[in-house]
Amino acid sequence: MDITKPYRTTKTPLIEIYGLRKSFGSNEVLKGFDLLLNPNENLVILGKSGSGKSVLIKCLVGLVDVDEGKVIVLGKSIPDLNQKELDYIRTEVGFLFQGSALYDSMTVRENLQFPLRRHPERMQHFNEEKLVREALRSVGLEYAIDLMPAELSGGMKRRVALARMLILQPKIILYDEPTSGLDPITANEIIQLILRIQRDYNAASLIITHDMDCARVISNRMIILQDGINYAEGTYTELSKSTDPKVKAFFKEVQPISL
Ligand SMILES: Nc1ncnc2c1ncn2[C@@H]1O[C@H](COP(=O)(O)OP(=O)(O)OP(=O)(O)O)[C@@H](O)[C@H]1O
Ligand SMILES: [Mg+2]
């Protein structure tokens, strides 16, 4: 596979990004970034801190305005949508923020009720309490329904945030650093949960991570965001064999410092 070209299958991509540019003042963050997300795949974005990964996924849900380029999600051009259309797209695209971003003054139940009450049309004929309990069950936390976020561990918070995102049954899921700040065992539980979500919900996911173990286990394909562009693309195995020093840097073992 040519790791410099976006990989395209015969199926219509769920996300298409072409030539995306975004600057903040003189800080050029994205300089012509391209990406395709295909149905039912887990696509990992790797990039150094500050390379623009969070900015990139915020552009996908209209939380950051685009300077130039095309951003098409489920066939809709995001920069051209009005607020109502954006609100609708956000029900189709689940977003797990960096950190968990639960509402601290609400119980776990209320946190999960929140998206349902904003989008009653998505409840169809289901009962709210049943949907809340099912979403919590799918992350193994039904027993925590009446707890406050302050009473949860970091891993539990991440799982509640996952349940709150799943409750609207999104077609695409965006994960911003899903394992950051977690110990390796809890991080692995979250990784297993993400794999199960891909299988059970038949959703496609874009996962931002620094965690190479997470990237190896979770990805069907990976993109390295470097210098504001899609610098390299391929499977974990393909990229791990790259001779490009900027790609190799991501796969380097950390060497002990000799004092
Ligand atoms: N709202 C904003 N206003 C001004 N500059 C911003 C804004 N959001 C992001 N930036 C800048 O854009 C650059 C990319 O930030 P971003 O948060 O996307 O990095 P990242 O790759 O997600 O890093 P990390 O791995 O540390 O989360 C940084 O230089 C940051 O300072
Ligand atoms: Mg970030």
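Numbering of ligands and ligand atoms starts at 1, following listing order.
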query: Distance below 2.8 Å from the Mg ion (ligand 2): how many protein N/O/S atoms qualify?
result: 2

query: Any N or O on G47 sitting closer than 3.5 Å to an N or O of ligand 1?
result: no

task: Would you check if the distance from the ring center of F97 to the ring center of Y175 is below 6.0 Å?
output: no

Side chain, backbone, both or neither: which applies to [X] and ligand 1 if a contact is any heavy-atom pair less than 4.0 Å apart?
{"X": "N27", "result": "side chain"}
{"X": "V29", "result": "side chain"}
{"X": "K48", "result": "backbone"}

query: For atom CZ of R118, is the number of surrounding heavy atoms from other residues, nucleotides or ligands below 6.0 Å larger than 12?
result: no

For residues 106-114, run the donor-acceptor check on the side chains, cut-off 3.5 Å, and write out each pair with its distance to 0.1 Å, sequence neighbours left out.
| unit_1 | atom_1 | unit_2 | atom_2 | d |
| --- | --- | --- | --- | --- |
| T107 | OG1 | R109 | N | 3.4 |
| T107 | OG1 | E110 | N | 3.1 |
| R109 | NE | E129 | OE1 | 3.1 |
| R109 | NH1 | D146 | OD1 | 2.5 |
| R109 | NH2 | E129 | OE2 | 3.2 |
| E110 | OE1 | T107 | N | 3.0 |
| N111 | OD1 | Y103 | N | 2.8 |
| N111 | OD1 | R164 | NH1 | 3.1 |
| N111 | ND2 | Y103 | O | 3.1 |
| N111 | ND2 | M106 | O | 3.3 |
| N111 | ND2 | T107 | O | 3.1 |
| Q113 | NE2 | E128 | OE1 | 3.1 |

- prompt: In the protein, what heavy atom is nearest to atom 24 (P) of ligand 1, and what distance, to one decimal place, separates them?
  reply: S49 OG, 3.6 Å

task: With atom 23 (O) of ligand 1 as the reference point, say which of S51, G50, S23, G25 has the nearest heavy atom.
output: G50

task: Just jot down the ligand 1 atoms closer than 4.0 angstrom to any heavy atom of H210, in number order.
output: 25 (O)

- request: Output, in order, the C-alpha distance, side-chain angles, deciding distance and verdict of salt bridge (Lys or Arg N to Asp or Glu O under 4.0 Å) for D87 and K84.
  value: CA-CA 5 Å; D87 274 352; K84 196 167 167 233; over 6 Å; no

